A.B. asks: 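Okay, here's the structure, questions in a sec.
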Amino acid sequence: MSDLRYDPKAIEPKWQDVWARERTWEVSNDPDGRDSYYVLEMLPYPSGEPHMGHLKNYALGDAVAHFNRRVGRRVLHPMGYDAFGLPAENHAIRTGEHPRDSTQKSIESFQRQFRQWGISIDWTREFGTHEPRYYKWTQWLFLKLCERGLAYRKEAAVKWCPNDQTVLANEQVTAEGTCERCGAVVEARQLEQWFFRITDYADRLLDDLDGIDWPGNVKVMQRNWIGRSEGAEVTFRCEQLGIDYPVFTTRPDTLFGATFFVMAPEHPDVMKLVEGTDREQSVRDYVNHALTESNEERGAADKPKTGVALGRTVTNPVNGEQIPMYVADYVLMEYGTGAIMAVPGHDERDFAFAQAHGLPVKRVIGDPEGGELPYTGDGPLVDSHPDFDGMGNRAALEAIVAWLDREGKGHASVNYRLRDWLVSRQRYWGCPIPVIHCPACGTVPVPEEDLPVELPDVTDYKPRGKSPLAAVDDWVNVPCPRCGGAARRDTDTLDTFVDSSWYFLRYCDANNDDASWDRRVLAEWMPVDQYIGGVEHAILHLLYARFFTKAFADMELLDAQEPFQALFTQGMITRDGAKMSKSKGNVISPATYVDRYGADTARCYILFIGPPDQDADWSDEGVEGVHRFLARLWRVGAELAAGGAPAAAESLDATRLAGADLTLVRKAHWAIDKVTNDMAGRFAFNTAIAAAMELVNEVYRHRESAGEVAQRFAVATAASLVFPFAPHVASEVYELLTGARVWEQPWPSADPQLLESDTFELVCQVNGKVRDRVPAPATASREELEALARAQPNVQAHVDGHEVVKAVVVPGKLVNLVVR
RNA sequence: GCGGGUGUGGCGAAACGGUAGACGCGCCGGCCUUAGGAGCCGGUGGCCAGGUAGAGGCCACUGUGGGUUCGAAUCCCUCCACCCGCACCA
């Protein structure tokens with residue numbers, strides 16, 4: 001019967017042409033009464049060819065987009081490219097090829113493959129972040145942040161990557177102190193750089209996590225990164241030099257237990273404190289050694305606590321005690337004030353230091369368990385002060401802070417781990433910073449009408465501690481916009497995370513030449529209803545984008561407080577159980593499979609492979625299975641279509657169905673219900689596809705026994721349900737059977753009457769073990785079900801000779817007889 | 001160390017506290033074929049039984065050990081393994 005062959009190479013281009021010709025997936029910004037829905041996948045960095053992670057990302061997003069269109073929403077599903085960045089620039093350094101050219105080639109490859117995959121994108125909104133029409137507005141937004149004081153310059157100890165020859169944001173340095181991009185060990189440098197004042201938003205970035213539908217682990221990572229801790233700032237005075245040293249502590253309740261004081265090696269006063277004393281040499285040696293140690297060496301928690309005494313003391317403000325000062329590398333300059341009060345009785349680290357240096361350990365909190373020091377739990381204050389002794393330490397903490405405040409010795413304080421975001425980069429391939437430095441006027445913004453400041457071409461891409469832009473004299477030297485005198489452009493470029501922190505806003509109004517966007521248009525789309533991407537952006541991109549959104553909301557440029565209402569983080573695609581990498585030689589390309597089996601198979605398989613938030617191992621045999629399924633769907637559709645004129649699929653009279661027809665139509669409604677729930681409530685695409693497979697299997701099982709009309713209905717339904725995953729073959733089959741376009745059809749709805757059968761299989765248990773199964777009427781009463789169960793021979797065999805002490809009846813499910 | 005997650009057949013995985021293993025892979029068998037690495041149908045935990053039958057029965061099983069419940073992969077506690085995040089943050 002079947003010399004019919006499923007031929008994706010013919011089907012897929014056919015439908016891609018229809019969608020392109022008819023601009024099917026374009027969406028206007030004018031409201032039309034439907035709910036708007038914005039689904040977005042993280043924009044790709046265009047390098048080489050798309051990989052399996054991209055296929056998964058866009059297959060997921062496209063399924064969400066299609067489903068939402070068909071349930072009646074107006075869906076925005078755009079695409080663009082995160083096109084500035086180091087890989088293209090490093091390629092230019094090696095080959096001399098302009099980053100614009102290599103980037104353009106990659107973008108074209110991505111475009112070609114996205115079209116081959118049949119992803120439903122509104123291409124009218126496409127852009128690359130490297131295009132002047134986009135970065136003009138990146139620059140404009142930068143100036144807005146300046147105006148508001150959220151962008152500023154300061155000199156600071158910054159992280160410098162010696163390999164990439166540029167500074168990095170804190171977020172771009174790993175816990176081991178290496179460059180997040182290239183792995184080189186990061187150095188410290190004192191430089192004047194541009195920062196964004198993200199710390200102003202620390203509390204809101206923290207608090208607003210509660211209102212968004214994000215994976216818990218991503219929220220935890222952001223909370224950790226922001227690192228809010230509440231406590232007090234307390235001032236310790238060094239009488240000998242007459243200098244006050246504030247410290248931050250979360251445990252002001254232990255102030256009376258402070259027995260020494262420690263400064264970070266980087267603290268600017270350390271050398272001043274020992275100058276001209278017999279300690280000067282030993283302290284200098286220690287500090288110099290500490291400064292040469294890498295973060296990794298220094299950060300090891302189990303490392304012995306080293307340090308040297310400064311030979312000075314400070315006064316403990318609560319009791320006037322003189323306590324000795326030390327410099328030690330376990331105190332970090334970046335956190336708090338770079339100095340701490342040490343309470344060895346109630347802090348493990350201080351305890352370790354005290355042990356190593358023979359310092360006194362004092363108990364000021366009682367331990368109800370009577371354990372040894374250090375004790376970090378709760379308890380009543382002891383040996384502190386008559387006013388506080390006996391008070392629970394939590395209450396004492398509040399009381400002591402209030403007392404410090406009254407006495408002017410301290411105050412309640414909140415500290416954050418989060419630092420301001422360093423955005424200058426001494427590199428070429430990025431967005432120029434739209435600022436001019438004038439010897440007379442200082443830092444002057446480029447006037448709005450002169451934007452964009454276009455990136456000039458250079459011949460030498462090699463960075464030499466300065467951006468290659470610094471060598472372009474006729475670009476750098478410009479008159480000051482304010483006084484007209486000779487001035488120089490800022491030669492750094494912006495961190496590429498700046499580009500990607502607002503692209504989702506630009507998509508809404510991508511072709512607006514007069515503004516970054518129209519606020520009313522954004523109100524229509526923002527926030528993004530569903531954002532999809534990899535968990536590797538949990539901190540960097542996702543935190544920056546939230547900051548930008550809040551800052552722009554404060555400037556009344558937009559209304560949303562959060563960029564991404566819901567976030568889905570996809571798992572990795574692995575190969576042979578390992579991450580794909582060139583060095584392991586286990587990289588496989590989506591193009592191979594799209595070419596061999598078609599895009600529908602590749603997309604469907606990547607969704608069928610398992611729960612999409614989990615890592616999944618690619619299997620060539622698994623791909624075959626999914627391909628077989630799509631081929632079966634197509635073939636039975638083609639056979640049915642060849643058998644006669646298209647029949648209207650919806651006109652089935654449920655009350656007249658019987659036998660195989662009824663079974664088949666029921667199965668179709670069961671599948672509708674299953675797929676709808678799997679799509680709407682959760683990202684359970686694997687089980688949704690399994691349900692469609694069951695429906696197609698059911699059709700084959702009833703090829704001889706069921707009528708033509710029922711079979712057509714079932715197959716058309718299967719095609720309709722599979723459309724979000726395999727849009728080409730679904731469109732083809734649906735058209736063959738109904739003459740209509742599946743994407744123009746509303747999402748099918750399950751008929752509740754057909755979901756319920758008038759009989760069900762009653763499970764008969766004795767003491768929780770299944771002893772029989774028997775068909776039972778759905779309308780049977782509890783008593784009737786129990787009687788039916790008791791009547792089953794195998795049930796009787798297990799009940800005989802025992803007393804039934806209880807009968808649990810779950811209507812529609814089972815009867816459990818408890819015997820003794 | 002702290003926080004979070006995962007653990008189910010040979011494999012990827014399903015399973016509102018109610019028939020564990022849907023669906024797919026692999027494997028075995030049959031049909032169709034000149035042929036088939038195509039297609040279609042069936043089987044696939046163990047043990048016992050069954051020869052023309054209306055064919056079944058029993059047992060085991062969701063990392064370990066306990067608990068709650070008529071009933072637990074699912075809820076609670078213990079432990080083990082692996083993965084992820086944070087980690088001298090005062």
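Side chains are part of it too, since the values below use all heavy atoms of this structure and drop only hydrogens, waters and symmetry mates. All values reported here derive from a predicted model rather than from experimental measurement. Lettering of chains follows the sequences in order, A, B, ..., and the numbering in each one begins at 1.
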A.B. asks: Check every strand shown and say whether A/N224 touches a base, only sugar-phosphate, or nothing at a heavy-atom separation below 4.0 Å.
C.D. replies: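 Sugar-phosphate contact only - A/N224 comes under 4.0 Å of backbone atoms but never of a base.
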A.B. asks: Is there a Watson-Crick or G-U wobble partner for B/U52 with both distances under 3.5 Å, and if so, which one is it?
C.D. replies: none
A.B. asks: Step by step, work out the side chain to side chain contact (heavy atoms under 4.5 Å, CB included) result for A/R251 and A/V343.
C.D. replies: CA-CA 9 Å; A/R251 296 295 307 273; A/V343 184; over 6 Å; no
A.B. asks: Please say whether the positively charged group of A/R596, taken as NZ for Lys or CZ for Arg, lies over the ring of A/Y593, i.e. under 6.0 angstrom from the six-membered ring centre and within 45 degrees of the axis.
C.D. replies: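 So A/R596 does make the cation-pi contact.
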A.B. asks: Quick one: what's the B/S/- string for nucleotides 57-63 of chain B, heavy-atom cutoff under 4.0 Å, read 5' to 3'?
C.D. replies: SSSS---
A.B. asks: State the pairing partner of B/U64; accept Watson-Crick or G-U wobble contacts with both distances under 3.5 Å, and report none otherwise.
C.D. replies: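 Result: none.
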A.B. asks: Taking the same atom, P, in B/C82 and in B/U8, what whole-Å distance lies between them?
C.D. replies: 15 Å
A.B. asks: When rounded to the nearest Å, what value does the distance between C1' atoms of B/G85 and B/C70 take?
C.D. replies: 43 Å
A.B. asks: Does A/Y700 reach a base, just sugar-phosphate, or nothing at all? Heavy atoms under 4.0 Å.
C.D. replies: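 Since only primed, P, OP1 and OP2 atoms lie under 4.0 Å of A/Y700, the category is sugar-phosphate.
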A.B. asks: If B/C27 has a Watson-Crick or G-U wobble mate with both distances under 3.5 Å, name it; if not, just say none.
C.D. replies: B/G43
A.B. asks: Base, sugar-phosphate or nothing for A/N686? Non-hydrogen atoms, less than 4.0 Å.
C.D. replies: sugar-phosphate
A.B. asks: For A/E624, which contact category applies under a 4.0 Å heavy-atom criterion: base, sugar-phosphate, or nothing?
C.D. replies: nothing
A.B. asks: Counting any heavy atom closer than 4.0 Å, what does A/R682 reach on the DNA or RNA strands: base, sugar-phosphate only, or nothing?
C.D. replies: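 Sugar-phosphate, backbone atoms only, no base.
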A.B. asks: Does B/G1 have a Watson-Crick or wobble mate here (both distances under 3.5 Å), and if so which one?
C.D. replies: B/C86
A.B. asks: Does B/G37 pair with anything, Watson-Crick or G-U wobble, both distances under 3.5 Å, and if so, with which nucleotide?
C.D. replies: none
A.B. asks: For A/E761, report the nucleic acid contact type (base, sugar-phosphate, nothing); a contact means any heavy atom under 4.0 Å.
C.D. replies: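 Base, at least one base heavy atom under 4.0 Å.
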A.B. asks: Is the positively charged end of A/K305 above the ring of A/Y330, judged by distance under 6.0 angstrom from the centroid and angle within 45° of the axis?
C.D. replies: yes
A.B. asks: What nucleic acid atoms does A/N767 come within less than 4.0 Å of, heavy atoms only: base, sugar-phosphate, or nothing?
C.D. replies: nothing
